[in-house]
There are 2 protein chains.
Amino acid sequence: MPDRFLRHSIKTVSERTGLSPHLIRAWERRYETILPERTDGNQRLYCDEDIERLALLKRATESGHPIRTVARLPIEELRGLAPQLPDGDQSVIGAQPLQAGSSGPRSARTGPELVESALRAITSMDASALESVLEEAVLSLGQVAVLSHVIGPLVQRVGDGWQAGTLKVGHEHLASAVIRTFLANAARPFAVHASAPMLVATTPSGQVHEIGAALVSAAAANKGWRITYLGPSLPAEEIASAAHQSHARAVALSLVHPADDPQLPEELRRIQRLLPDSTTLIVGGAAVDSYEKTLQQIGAKVCRSLNDFSAVLDGLRQGSN
Amino acid sequence: MPDRFLRHSIKTVSERTGLSPHLIRAWERRYETILPERTDGNQRLYCDEDIERLALLKRATESGHPIRTVARLPIEELRGLAPQLPDGDQSVIGAQPLQAGSSGPRSARTGPELVESALRAITSMDASALESVLEEAVLSLGQVAVLSHVIGPLVQRVGDGWQAGTLKVGHEHLASAVIRTFLANAARPFAVHASAPMLVATTPSGQVHEIGAALVSAAAANKGWRITYLGPSLPAEEIASAAHQSHARAVALSLVHPADDPQLPEELRRIQRLLPDSTTLIVGGAAVDSYEKTLQQIGAKVCRSLNDFSAVLDGLRQGSN
DNA sequence: GCCAACTTGTCAATGTTTTGTTTAGGTCTT
DNA sequence: AAGACCTAAACAAAACATTGACAAGTTGGC
């Protein structure tokens, strides 16, 4: 839960952002990056927004922007900057040792390591450990890379483990609940312009797995879209009606399981038919190949990776902005 | 149940919280953390809430918050103090001010007013407006009261509207997604003692509505329980296995719909049979009356309100703490 | 190519603030 | 009268703040 009243010491900020206290102070001194409140005794007190700002600045500098050019940007612009991250090597750069202090032994871990940690948390039914891993992953890799390098593979592994019987249904449910909440938080729109394009994310009737739709929501939100997230298994009429009501520029569907639903092709056709012409239908997920012919017929944009999806979003945005 | 009238000496408080008497006095002197009553002879007398407050403060400082930043927070804030996601929290802050519309000194609204606002947000398919209303509700009523005065009635109204046809499935899905995330965040405990009792929350096979279980999770988390939240529709074996693995002191089930599942009584019996003796089965939700006989037979604790539920938790906690 | 000027992360020196603990001497309860 | 409690003052360790400096890297002009 957010807290408008709570203030943090510079140490906390350092741990949360991965920036050394020295550096935080240097940025303040040289660029007035942020001017935190002070205690009576002149010690700095940061609010939650300050922490986000510093985290964004860290990512911006890691992706090549010199600090002086971004230090004074308003927070919205910084958030817009973040998606431009090349999601290759921040992990290496992020591995800056913090001060020798005992509290921050965080040497940044790579995607696969984080996925393994997450799986261990899941098998031991430890929800808060799983949350911690995901949180760590955001700090290490950045908001965007986490989606494709940790969440994506993790969902895949959990699904595999479930089908192979190495994970029980309970483990899968626990993981789903935590990941879903994580993604929902990541997808929360930050003060966007009312002019930002709207994406409706859901899955069609019969498709019960919602994580794909949630993942896509988070990715789109990070690219500056507004999101209407509707959860899983919605009939064609409902999807179309929601798209109308929210003036959606695009509808994103996730198809995962089952991959052989005889009803689904007709349902997809109906969705496309009911959708306004100005609304683009985007479809992704592990099962898209099974319905490829239908998708081609109705002219839906098919995505086979989050990168595909990002590209499609960019295209739509350019198309009419 | 904590006794409203009993008063405790500083020594008792010290033993219960693990804080030294000296430190308790130092906090009082420096920050007016709490100002206990006094005897005629000027010795301190603490009530149960003071003890909870001090325990929460201890946890907060242990998890890294300097005492000066948390000492004056109201108790709801302290209970709601969660390890904040590096991204989720600030976005709420960013989204908060714009929705509130009138910029004037917002006078706190009552539960029913907030419910109506929330319903308007839902019918207009505006997820972020709904989030704002819930956020406002927390500030107006406090973390705990929100659950019974806003979320509960709201869920009821949405369910009614859905059955009456005034709300479409899409509206219901949207509301569920937002409320579920809100509750999941509310249920995030912070730096919990490993000794805190564990609650497993879920719904049995066939029961597809998970909001009740999420609601219960949030309520229990606010009373200091650790939570393992497993989402909806879990088979008896899985529930029992999760209870075992997490050493749960209680399992909470929510029954809402359907209210006439012929399989469910047997499923409930199996759950009770497979559960460790040390684990209590608690059942609540709109459909408990339909399964009352079975529930009575197996000796489950039946709750018809959140208050009931809180009382049951308190009883369990005392039982072995 | 090369040098000067600038950028940027890190450190060291030195003093202050915060915070949990301790000491000292008096008061209250039983 | 013993044990628990009170206030006030003092301590010491950890955490912070400020200033000034340095080294590695980059930029720009010649």
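The sequence lines fix the lettering, A, B, ..., with proteins before strands; numbering per chain opens at 1.
- Atom pair B:Gln43:CD and D:dT7:C1' shows a separation of 13 Å (rounding to whole Å applied).
- Using a 4.0 Å cut-off, no side-chain N or O of A:Arg25 falls inside it from OP1 or OP2 of D:dT18.
- Atom CG of A:Asp40 is separated from atom C1' of D:dA17 by 15 Å (rounded to the nearest Å).
- Applying the salt bridge (charged side-chain N to carboxylate O under 4.0 Å, His left out) rule to pairs touching residues 17-30 of chain B yields B:Glu28-B:Arg38, B:Glu28-B:Arg44, sequence neighbours excluded.
- For B:Ser20, the side chain to side chain contact (heavy atoms under 4.5 Å, CB included) partners are B:His22, B:Leu23, not counting sequence neighbours.
- Here A:Arg72 pairs with A:Glu32 under the salt bridge (charged side-chain N to carboxylate O under 4.0 Å, His left out) rule; sequence neighbours left out.
- For the side chain to side chain donor-acceptor pair (under 3.5 Å) test, residues two or more places apart in sequence or in another chain that qualify with A:Ser9 are A:Thr12.
- One atom, CZ of A:Arg68, and another, P of D:dG25, lie 17 Å apart when rounded to the nearest Å.
- Phosphate contact (OP1/OP2 of D:dC5, side-chain N/O of B:Arg44, threshold under 4.0 Å): absent.
- Rounded to a whole Å, the CG atom of A:Leu19 is 15 Å from the P atom of D:dC16.
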Could I get a table of every N or O pair under 3.5 Å where one atom is in the protein and the other is in nucleotides 20-22 of chain C?
residue	atom	partner	partner atom	Å
C:dG20	OP2	B:Trp27	NE1	2.7
C:dG20	N7	B:Arg30	NH1	2.9
C:dG20	O6	B:Arg30	NH2	2.9

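- With sequence neighbours left out, A:Tyr46 forms a side chain to side chain donor-acceptor pair (under 3.5 Å) with no residue at all.
- Nearer to the 5' terminus of DNA chain D, by closest-nucleotide assignment, is the contact made by B:Ile10 (compared with the other of B:Ile10 and B:Pro66).
- Taking 4.0 angstrom as the limit, A:Asn42 places none of its side-chain polar atoms (N or O) nearer than this to OP1 or OP2 of C:dT18.
- The side chain to side chain contact (heavy atoms under 4.5 Å, CB included) test applied to A:Ala184 returns B:Thr181, not counting sequence neighbours.
- For A:Glu37, the side chain to side chain donor-acceptor pair (under 3.5 Å) partners are A:Arg7, not counting sequence neighbours.
- Across the protein-nucleic acid pair, B:Ile24 atom CD1 and C:dT19 atom C1' stand 15 Å apart, rounded to whole Å.
- Atoms CD (A:Glu28) and P (C:dT8) sit 17 Å apart, rounded to a whole Å.
- For A:Ser9 and D:dA15, the shortest distance from a side-chain N or O to OP1 or OP2 is not below 4.0 Å.
- The heavy-atom pair separating A:Glu131 from A:Val178 by the smallest distance is CG-CG1, 3.8 Å.
- Relative to the axis of its first five pairs, the axis of the last five pairs of the helix from C:dG1-D:dC30 to C:dT30-D:dA1 sits at 30°, rounded to 10 degrees.
- Environment of CD in B:Glu49: sparse, with no more than 12 heavy atoms of neighbouring residues, nucleotides or ligands closer than 6.0 Å.
- Scanning both residues, B:Thr17 and B:Leu54, for their nearest heavy atoms gives CG2-CB, 4.0 Å.
- Spacing between atom NZ of A:Lys11 and atom C1' of D:dC16 amounts to 12 Å, rounded to whole angstrom units.
- OP1 or OP2 of C:dT29 sits under 4.0 Å from a side-chain N or O of B:Thr39.
- Between B:Arg38 and D:dT7, a side-chain N or O to OP1/OP2 separation shorter than 4.0 Å is present.
- Following rounding to the nearest Å, B:Lys58 (NZ) and C:dT19 (C1') show an atom-to-atom distance of 16 Å.
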